Amino acid sequence: MNLSHNADAKSAVIHPLWLRLLHWINALAVLMMVTSGWRIYNASPLFDFDFPDKLTLGGWLGGALQWHFAAMWVFGGNGLLYLIMNLVTGRFQQKYWPLSLRALMKDMLDALRGRLLHTELSHYNMVQRMAYLFAIFCGIVLVLSGLVLWKSVQFPLLRDLLGGYETARWVHFLAMSSLMGFLILHIVMVGLVPKTLIAMIRGR
């Protein structure tokens with residue numbers, strides 16, 4: 001019976017097909033959005049630095065804008081579908097609830113000591129829950145601030161809520177930087193626990 005239980009556990013689907021598809025579509029959309037966004041940033045930088053041209057997409061400002069506007073539909077539509085599917089299937093409640101500050105502190109200490117286990121991929125520890133929710137929040141902020149930068153006149157209320165067009169640029173940049181920080185940490189963790197990548201490809 002134990003052997004049968006172990007076999008069932010190994011064959012259980014960790015990530016359903018819809019989640020895997022949306023994950024990889026989002027990864028491609030973010031890559032296009034960020035690299036084209038860096039080229040757009042270089043045309044009117046907020047800080048005293050530029051992103052290397054080799055890391056940008058579009059070749060020039062006009063090309064970068066075309067890539068950015070094309071990718072934003074994929075990023076926004078894919079993100080909206082991701083939120084809907086997580087709500088409809090109950091995955092949000094299952095994976096991200098409940099939240100606990102005490103559990104977060106404990107898991108963070110365990111992570112710093114190298115004691116945070118990843119034996120059960122279908123269960124998110126509190127660090128993962130907070131990190132993924134933070135990434136979702138960054139994505140929402142990117143979309144909202146991006147709408148102001150794209151169609152400022154058409155979204156006056158949103159522009160005012162973000163403090164004006166120039167402030168929206170700062171919000172957009174900071175949200176992008178925060179998302180990139182999450183992605184770097186995410187890639188490092190995948191490197192440390194390669195089976196998480198296999199699960200996102202195969203589903204189990």
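Just the heavy atoms: all of them, side chains too, but no hydrogens, waters or symmetry mates, feed the values below. Quantities reported herein were computed from a predicted structural model and do not represent experimental measurements.
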Participant: Should we say atom CE of Met200 is surrounded by more than 12 heavy atoms from elsewhere, each under 6.0 Å from it?
Facilitator: yes
Participant: Look up atom CG in Leu179 and atom CD1 in Ile184, then write down how far apart they are to the nearest 0.5 Å.
Facilitator: 10.0 Å
Participant: Compare all side-chain heavy atoms of Pro16 with those of Met85 and state whether any distance is below 4.5 angstrom.
Facilitator: no
Participant: Is the shortest heavy-atom distance from the side chain of Arg129 to the side chain of His123 under 4.5 Å?
Facilitator: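 Yes. Closest side-chain heavy atoms under 4.5 Å.
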Participant: Got a list of side-chain donor-acceptor pairs under 3.5 Å for residues 147-163, not counting sequence neighbours?
Facilitator:
from: Arg159; atom 1: NH1; to: Ser152; atom 2: O; distance (Å): 2.9

Participant: Val74, Leu57: one ILVMFWY side-chain cluster at the under-4.5 Å cut-off?
Facilitator: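 Val74 does not cluster with Leu57.
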Participant: Nearest 0.5 angstrom please: Leu61 CG to His68 NE2, how far?
Facilitator: 11.5 Å
Participant: Please check if the side chain of His15 supplies one atom and the backbone of Gly203 the other of a donor-acceptor pair under 3.5 Å.
Facilitator: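 No; judged by distance alone, with no hydrogens or angles, the pair does not exist.
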Participant: Quick one: are Met180 and Cys138 in side-chain contact, heavy atoms under 4.5 Å?
Facilitator: no
Participant: Looking at Ile201, is its backbone amide N or carbonyl O close enough to the side chain of Arg20 to form a donor-acceptor pair, meaning the two atoms are under 3.5 Å apart?
Facilitator: yes
Participant: Are Ile25 and Leu183 connected in a single hydrophobic cluster, I mean Ile/Leu/Val/Met/Phe/Trp/Tyr linked by side-chain heavy atoms less than 4.5 Å apart?
Facilitator: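 Different clusters.
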Participant: How far does NE2 of His172 sit from CG of Leu144, to the nearest 0.5 angstrom?
Facilitator: 11.0 Å
Participant: Verify side-chain contact (heavy atoms from CB on, under 4.5 Å) between Leu192 and Met189, making sure each step is shown before the conclusion.
Facilitator: CA-CA 5 Å; Leu192 293 175; Met189 293 307 298; 4.1 Å; yes
Participant: Is there side-chain contact between Val143 and Leu80, with heavy atoms separated by less than 4.5 Å?
Facilitator: no
Participant: Would you say the side-chain atoms of Asn78 pair up with the backbone N or O of Leu22, donor to acceptor, closer than 3.5 Å?
Facilitator: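 It does hold such a pair.
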Participant: Out of curiosity, Gln93 CD to Leu87 CG, how far, rounded to the nearest 0.5 Å?
Facilitator: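 Going from CD on Gln93 over to CG on Leu87, the span is 10.5 Å.
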Participant: Are any non-hydrogen side-chain atoms of Leu99 and Met126 less than 4.5 angstrom apart?
Facilitator: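 Result yes, sub-4.5 Å side-chain heavy-atom pair found.
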Participant: Does any part of the side chain of Ile136, heavy atoms only, come nearer than 4.5 Å to the side chain of Leu83, both counted from C-beta?
Facilitator: yes
Participant: Within the distance-only criterion (no hydrogens, no angle test), does the side chain of Ser145 pair as donor or acceptor with the backbone N or O of Leu142 below 3.5 angstrom?
Facilitator: yes
Participant: For Phe137, does the CZ atom have more than 12 heavy-atom neighbours from other residues, nucleotides or ligands under 6.0 Å away?
Facilitator: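 No, because the 6.0 Å sphere around CZ of Phe137 holds 12 heavy atoms or fewer from other groups.
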Participant: Does NZ belonging to Lys106 count more than 12 external heavy atoms closer than 6.0 Å?
Facilitator: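 No, the 6.0 Å shell around NZ holds no more than 12 heavy atoms from other groups.
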Participant: Do Phe69 and Met33 share a hydrophobic cluster (ILVMFWY, side-chain heavy atoms under 4.5 Å, transitive)?
Facilitator: yes
Participant: Is Val34 linked to Trp67 within one hydrophobic cluster, defined over Ile, Leu, Val, Met, Phe, Trp and Tyr using a side-chain heavy-atom separation of less than 4.5 Å?
Facilitator: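 Each belongs to a different hydrophobic cluster.
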Participant: I'd like to check Met176 versus Trp38 (side-chain heavy atoms, cut-off strictly below 4.5 Å). Are they in contact?
Facilitator: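 Result yes, sub-4.5 Å side-chain heavy-atom pair found.
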Participant: Indicate yes or no for a side-chain donor-acceptor contact from Gln66 to the backbone of Gly63 under 3.5 Å, with no hydrogens or angles considered.
Facilitator: no
Participant: Supply the atom-to-atom distance Ser100 OG to Met105 CE, rounded to the nearest 0.5 angstrom.
Facilitator: 11.0 Å
Participant: If two hydrophobic side chains count as joined below 4.5 Å and joins carry through other members, does Leu55 share a cluster with Ile187?
Facilitator: no
Participant: Does the side chain of Asn42 reach to within under 4.5 Å of the side chain of Asp53, using non-hydrogen atoms?
Facilitator: yes
Participant: Looking at CG of Asn26 and CG of Leu81, how far apart are the two atoms once the value is rounded to the nearest 0.5 Å?
Facilitator: 11.0 Å
Participant: With a 6.0 Å cut-off on the ring centroids, do Phe182 and Phe134 count as close?
Facilitator: no
Participant: Considering only residues two or more places apart or on different chains, which pairs with a residue in residues 81-115 satisfy ring-ring contact (aromatic ring centres under 6.0 Å, His included)?
Facilitator: Phe92-Tyr96, Tyr96-Tyr124
Participant: More than 12 foreign heavy atoms under 6.0 Å from CH2 of Trp18: is that the case here?
Facilitator: yes
Participant: Where is the tightest heavy-atom contact between Lys95 and Ile14, given as atom of each residue plus distance?
Facilitator: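 Distance-wise, the nearest heavy atoms are NZ-O, 4.5 Å.
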Participant: With sequence neighbours excluded, what pairs up with Tyr165 under the side chain to side chain donor-acceptor pair (under 3.5 Å) test?
Facilitator: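 Partners of Tyr165 by the side chain to side chain donor-acceptor pair (under 3.5 Å) criterion come out as none, since no residue qualifies.
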Participant: Can you say whether the rings of Phe47 and Phe173 are parallel (under 30°), tilted (30 to 60°) or perpendicular (over 60°)?
Facilitator: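 Aromatic pair Phe47/Phe173 classed tilted.
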